[in-house]
S.K.: 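Mind having a look at this structure? Questions to follow.
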Protein chains: 2
Amino acid sequence: MLDERKKKILQAVVYNYIATALPVGSRSIAKKYKLGLSPATIRNCMADLEELGYLAHPHTSAGRIPTDKGYRFYVDSLMEREDLSLEEKARIEKEYSDRMNRIDQIMEETSQVLSLISRYTGLILAPNLEKSIFHHLELVSLENGRILSILITGSGLVKNKIIEAEEILPEERLEEILNLINDRLSNLPLKRIKEFISDQLKIKTYSVKIWELMNQIFTWDGAEELYLRGRINILEQPEFKDLARTKSIFQALEEKRLLVEVLSRSTPSEGVRVLIGKETKCRKIRDLSLVTSTYRINGRPVGVLGIIGPRRMEYSKVVSLVDFMAETVSKVLTNLSHTTISKVGE
Amino acid sequence: MLDERKKKILQAVVYNYIATALPVGSRSIAKKYKLGLSPATIRNCMADLEELGYLAHPHTSAGRIPTDKGYRFYVDSLMEREDLSLEEKARIEKEYSDRMNRIDQIMEETSQVLSLISRYTGLILAPNLEKSIFHHLELVSLENGRILSILITGSGLVKNKIIEAEEILPEERLEEILNLINDRLSNLPLKRIKEFISDQLKIKTYSVKIWELMNQIFTWDGAEELYLRGRINILEQPEFKDLARTKSIFQALEEKRLLVEVLSRSTPSEGVRVLIGKETKCRKIRDLSLVTSTYRINGRPVGVLGIIGPRRMEYSKVVSLVDFMAETVSKVLTNLSHTTISKVGE
DNA sequence: ATTAGCACTCTCATTTAATGAGTGCTAAAG
DNA sequence: CTTTAGCACTCATTAAATGAGAGTGCTAAT
């Protein structure tokens with residue numbers, strides 16, 4: 001375990017490096033933080049910290065910079081959260097006006113706000129459909145046996161999909177199915193419904209065709225549900241002024257698939273989660289850190305939001321921001337879900 | 001008017017500069033293009049071209065680079081279109097599989113393809129709703145008098161909107177309205193319908209409340225309908241290796257509002273349109289060029305697509321690409337619109 | 001009208017030297 | 001035994017100096 005002095009010095013290094021992006025030396029620590037120690041003593045201590053893996057040398061005779069391990073210790077044990085100012089909180093809450101009643105609006109707005117306030121890149125993964133509750137289905141038959149399905153979830157998410165029926169179904173039949181679904185399956189989690197359908201497909205009680213149709217309706221491609229804002233903010237960071245490296249990072253940020261994977265791996269544990277550098281387990285973004293939290297609808301976690309930025313991130317602020325945003329979005333979405341379908345027109 | 005020699009030399013300069021991004025001098029032109037002229041002659045000629053405003057000096061004793069006027073003349077009078085290869089055409093057409101039956105998929109795919117093939121930034125403005133034809137409306141009543149409206153256009157575009165009814169409408173009434181709309185207004189352009197509604201609002205024949213509701217349903221915010229892909233490709237261009245400048249361009253590319261405005265200003269004239277540098281009439285992107293064309297559904301123009309990239313763009317290729325893509329998207333969308341609603345379930 | 005020749009200009013890459021922050025070690029002081 | 005002062009040494013960064021190269025503009029000759 002680190003002794004008090006080492007903690008103080010580690011903290012000073014991390015703090016300074018986050019602020020300046022410059023390797024920090026013993027002299028400047030002695031000057032800025034009144035630790036009552038001479039540079040030489042600090043030097044010895046820093047050498048110890050380096051041996052223990054918390055700090056690193058870019059080259060001999062440069063100051064120290066924190067390693068992933070160093071940041072990790074800082075985040076876990078040294079950092080104090082820096083709460084958002086009242087203004088900021090007010091500003092955020094004001095953004096979610098009542099008129100914002102579509103999930104995609106809320107997603108866009110949230111990623112935008114995350115990015116604007118943090119000056120890093122904000123992201124949010126849309127509510128996972130599987131975890132949503134089914135509320136209502138509409139079917140509109142088109143030409144050539146195509147059917148437009150409109151799926152509405154308890155949280156007010158509307159999902160359109162055009163499906164192909166191999167044979168043209170008579171209208172009564174369609175209506176029959178529709179009623180069955182809306183009557184019997186309403187308020188069930190979508191995941192349950194999928195299971196139900198695939199069971200039916202196995203048993204082959206009903207017409208198989210119809211259950212295949214249902215299967216299509218309740219199957220969707222999970223991609224494309226990530227909202228990202230403020231990618232350019234990466235360019236603000238001095239450590240990415242080198243284009244060659246930055247470009248590959250930009251490319252990574254364009255790969256939604258990649259980010260979605262990393263994000264969904266971000267376990268839905270309580271509170272805010274921080275992944276630093278290599279901890280993201282993804283080569284392409286190993287120079288970035290990720291601060292995430294889950295948001296909920298009616299208490300059940302449905303999605304992830306957060307911020308991606310340089311390893312040298314202002315964790316103390318960002319953690320608070322992400323926490324607050326998760327709360328806010330949860331409130332907004334829960335609220336929205338209460339104003340959703342109770343009765344169905346026609 | 002430029003004489004034959006000047007044209008040849010201007011063409012050589014533009015061509016060379018597009019290929020290399022380096023100011024081009026008299027010597028290299030004399031060497032590469034067998035014009036049968038000595039460097040000195042070419043020098044004189046280039047000096048003339050400069051005086052006429054087609055070329056510019058970055059500084060004394062550097063080669064020439066084309067001005068906007070130079071590019072303009074090149075595009076209008078000198079350039080020959082370079083058709084896409086058969087492979088490329090096949091590759092593009094293959095991308096639009098039959099399974100692609102949602103407008104937003106087509107938009108994403110199109111901007112993606114534009115970007116991939118050109119190596120610049122691809123963009124497409126979704127079909128203008130006002131110019132679309134109304135096909136069908138569904139209404140689902142929610143709690144608190146909120147109503148989910150699902151608007152389907154002739155081109156298969158589905159638009160959801162939650163609207164607030166000030167007083168709760170009885171279900172029969174809602175159905176009545178719905179039938180009225182679907183029976184009487186189907187196949188009319190949406191613009192006509194909006195006019196019709198505001199007329200009704202003025203006359204106040206029917207219940208005003210209901211027409212206000214209709215007004216809400218048929219009113220939408222035009223924003224957010226721009227699809228952009230391949231922004232990073234800007235970083236590939238050597239002239240943007242200077243971060244300071246590039247950043248502001250990136251910022252401009254993030255401002256959808258701005259781009260939408262520039263794009264919609266791009267008149268729906270026949271064929272491909274090229275805007276070079278300052279011609280975009282927008283300071284923030286005055287170092288970029290825009291190549292656009294309109295795409296159609298059933299022959300009527302409904303949207304714009306194109307490419308945005310450095311002024312030093314490979315116009316001869318890009319113009320062909322944009323032209324071909326406009327044709328392809330028009331076909332795909334027209335095709336889609338034919339498989340749309342004929343009869344309505346329930 | 002065209003071209004060869006030449007002086008001149010400006011950029012860019014490379015070299016060289018100076019600067020300076022920072023370390024590591026040792027020996028003295030507390 | 002811990003802390004500190006002192007000093008030699010190491011690199012990175014910066015600035016100035018240098019030279020090559022590309023290109024121009026002008027003049028005089030073809």
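Bear in mind that the values here come from a model prediction, so they are computed numbers and not experimental data. Protein chains get the first letters and strands the later ones, always in sequence-line order, with residue 1 at the start of each.
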S.K.: Is any side-chain heavy atom of B/Glu239 closer than 4.5 Å to a side-chain heavy atom of B/Asp287?
M.R.: no
S.K.: Heavy atoms within less than 4.0 Å of DNA chain C: which residues of residues 6-21 of chain B have one? Give them sorted by number.
M.R.: none
S.K.: B/Cys282 pairs by side-chain contact (heavy atoms from CB on, under 4.5 Å) with which of B/Leu275, B/Leu259, B/Leu258, B/Leu290?
M.R.: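 So the option named by the test is B/Leu258.
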S.K.: In Å, rounded to the nearest 0.5 Å, how long is the span from NZ of B/Lys247 to CG of A/Leu235?
M.R.: 7.0 Å
S.K.: Measure from NZ on B/Lys31 to P on D/dG21 and round the result to the nearest Å.
M.R.: 13 Å
S.K.: Salt-bridge test for A/Arg119 and A/Glu314: reply yes if a basic N is under 4.0 Å from a carboxylate O, no otherwise.
M.R.: no
S.K.: So A/Phe250 and B/Phe250, would you call those rings parallel, tilted or perpendicular, with 30° and 60° as cut-offs?
M.R.: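 The rings of A/Phe250 and B/Phe250 sit tilted, inter-plane angle from 30° to 60°.
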S.K.: In whole angstrom, what separates B/Lys32's NZ from D/dA22's C1'?
M.R.: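 Going from NZ in B/Lys32 over to C1' in D/dA22 covers 13 Å.
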S.K.: May I have the distance from A/Leu37 (atom CG) to D/dT2 (atom P), rounded to whole angstrom?
M.R.: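 Nearest whole value for this atom pair: 14 Å.
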S.K.: Determine yes or no for a side-chain-to-main-chain donor-acceptor pair under 3.5 angstrom, with A/Lys256 supplying the side chain and A/Leu226 the backbone.
M.R.: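 It does hold such a pair.
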S.K.: Are any of A/Thr41's side-chain N or O atoms less than 4.0 Å away from OP1 or OP2 of D/dT4?
M.R.: yes
S.K.: Once each nucleotide of nucleotides 9-30 of chain C is scored for protein heavy atoms under 4.0 Å, what B/S/- sequence comes out, 5' to 3'?
M.R.: BBS---------BBBB------
S.K.: Does the side chain of B/Arg229 pick up a donor-acceptor pair with the side chain of B/Ser111 at under 3.5 Å?
M.R.: no
S.K.: Consider only side-chain N and O atoms of A/Tyr71 and A/Ser289, and report whether a donor and an acceptor are under 3.5 Å apart.
M.R.: no
